[in-house]
Amino acid sequence: MTNSDRPNRNVNLRIDLASIRHNLTCARKLAPDSKIIATVKADAYGHGMINVLSALQDADAFAVATMEEGVALRRSGASKPIMVLQGFRTESNLYECVTLDLWPVIHARYQLEIITKQKLASLSCWVKFDTGMGRVGLRCENAQSIHRRLTASSVNVVGIMSHLANASHIEDLSNDRQLREFSAIRWPDAVDRSLANSAALISRRDMHFDWVRPGIMLYGASPLESSDAASLGLQPAMRATAPVIAIREFKRGQRIGYGGRYQCSQDTKAAIVGAGYGDGYPRSVPDGTAVMLGNQRCPIIGQVSMDSMVVDISSLTVPPPIDYPVTLWGHSQLPVDEIAALAGTISYEPLCAIRGQRHWIDASSNLNVRKIVKDLSTH
Ligand SMILES: *Cc1c(COP(=O)(O)O)cnc(C)c1O
């Protein structure tokens, strides 16, 4: 059992591989002339890196953040190229890149030094430049000297890349500045180029280059501030549910939960749902944030607790039975983007944070039979 699972808690995460496959097809259609690096870092944004691989068979490569993720992905049997976004930190990491055939991203000078010292044959890597993200990356004006050093160490540079700081705001002028900087990098050899994350893949054809690197869109959440996932044709891959643990009736005027933030303006029927911030559901959501009981939206009232939340079900004609699964997000009418926005964050954060029992299904089979996929991460 991986420790990212939390099997002793109530949250149930149903992950639909068919949706991920569909979203990858969307990416393919939007960037038909580019190769696709499917980004599966942070356990595939909470969807289970190893378990979603079968849905990403059509990708040309994978991207992970850490060396450890890269090693785990290769050892799981993935045969496509694996880009390690943080690259190697140590000499033994570099050795692993060679023996496991990983593509480290060289983004800092200390990595050049490790390479020079090691004199390893047959390393393939990417070189990352900082065109304005202000995080990792080498300086664009040093491209030629970096190239010289890598050539002297007989390293195979697959491509050069950069990352956008404001791609979710397509109208932000910094995107154009970064594109100009990136295009102006003078790399003496003909190598591949890669700039686009999901947002740029969807909204900026001129940023596609040779390889696109979608992440969030594969999981069916919107990378753009201005569009929702459904209007982009994306399907949510994760549905998070938690059971009803009690039905309560509160009198008008009664306060609900820690701090008594919410006060009932009338007699209120409530369902107590057995999930909270201890499961990774954001505590910061305001009163009125929706959950779904069947196809009915019902509002959360009061602060979300560690293990539970209170939901106003006064609008329901019949109260749900105990143990009824309440959808926290991932219903077609309750996208994770909505919850994230109300919590003052982006979908990436709750998707990565939520914990529970994960089930992988594949709703695409011809017979429309839902196949339960074995949890490979427990072995
Ligand atoms: C996470 C990441 C991506 C994927 O970004 P999305 O917004 O999820 O599409 C691409 N490139 C780099 C360098 C990243 O860190």
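Counting convention: from 1, in listed order, for ligands and their atoms alike.
- Proximity of M217 to ligand 1, defined as any heavy-atom pair under 4.0 Å, is not found for any part of the residue.
- Between Y348 and Y45, the ring planes lie tilted relative to each other; the angle falls in the 30° to 60° range.
- The protein atom (non-hydrogen) at minimum distance from atom 7 (O) of ligand 1 is Y348 OH, 2.6 Å.
- Taking every heavy atom of Y45 and a limit of under 4.0 angstrom, the matching atoms of ligand 1 come to 1 (C), 4 (C), 5 (O), 6 (P), 8 (O).
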Exercise for review: Apply ring pair (Phe, Tyr, Trp, His ring centres under 6.0 Å) to the pair F209 and F182, showing each step before the final yes or no.
Suggested key: CA-CA 11 Å; F209 293 99; F182 186 61; 5.1 Å; yes
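- A continuous path of Ile, Leu, Val, Met, Phe, Trp and Tyr side chains, each step under 4.5 Å between heavy atoms, connects L234 with L17, placing both in one hydrophobic cluster.
- For ligand 1, the polar-atom distance check against L85 finds no nitrogen or oxygen pair separated by under 3.5 Å.
- The protein non-hydrogen atom at the shortest distance from atom 5 (O) of ligand 1 is N197 CB, 3.5 Å.
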Check your understanding: Between W211 and W103, does a ring pair (Phe, Tyr, Trp, His ring centres under 6.0 Å) hold up when you go through it step by step?
Key -> CA-CA 14 Å; W211 293 83; W103 282 347; 5.7 Å; yes
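- Taking every non-hydrogen atom of I216 and a distance limit under 4.0 Å, the qualifying atoms of ligand 1 come out as 6 (P), 8 (O), 9 (O).
- Short contacts between ligand 1 and P214, defined as distances under 4.0 Å to a heavy atom of the residue, involve ligand atoms 9 (O).
- Remark: R358 engages D43 in a salt bridge, criterion side-chain N to carboxylate O under 4.0 Å.
- Residue contacts with ligand 1, taken as heavy atom pairs separated by less than 4.0 Å, involve S198 via backbone and side-chain atoms alike.
- Of the charged side-chain nitrogens involved, none lies within less than 4.0 Å of a carboxylate oxygen, so that E96 and R74 do not count as a salt-bridged pair.
- A salt bridge links R204 to D176: at least one charged side-chain nitrogen sits closer than 4.0 Å to a carboxylate oxygen.
- At a heavy-atom cutoff of 4.0 Å, ligand 1 is contacted by the side chain of T39 but not by its backbone.
- With L123 as reference, I115 is the one residue of V157, I115, L150, L102 to meet the side-chain contact (heavy atoms from CB on, under 4.5 Å) rule.
- With respect to atom 11 (N) of ligand 1, the closest heavy atom belonging to the protein is R213 NE, 2.9 Å.
- Taking every non-hydrogen atom of K128 and a distance limit under 4.0 Å, the qualifying atoms of ligand 1 come out as 13 (C).
- Protein heavy atom at the shortest distance from atom 2 (C) of ligand 1 is K41 NZ, 2.5 Å.
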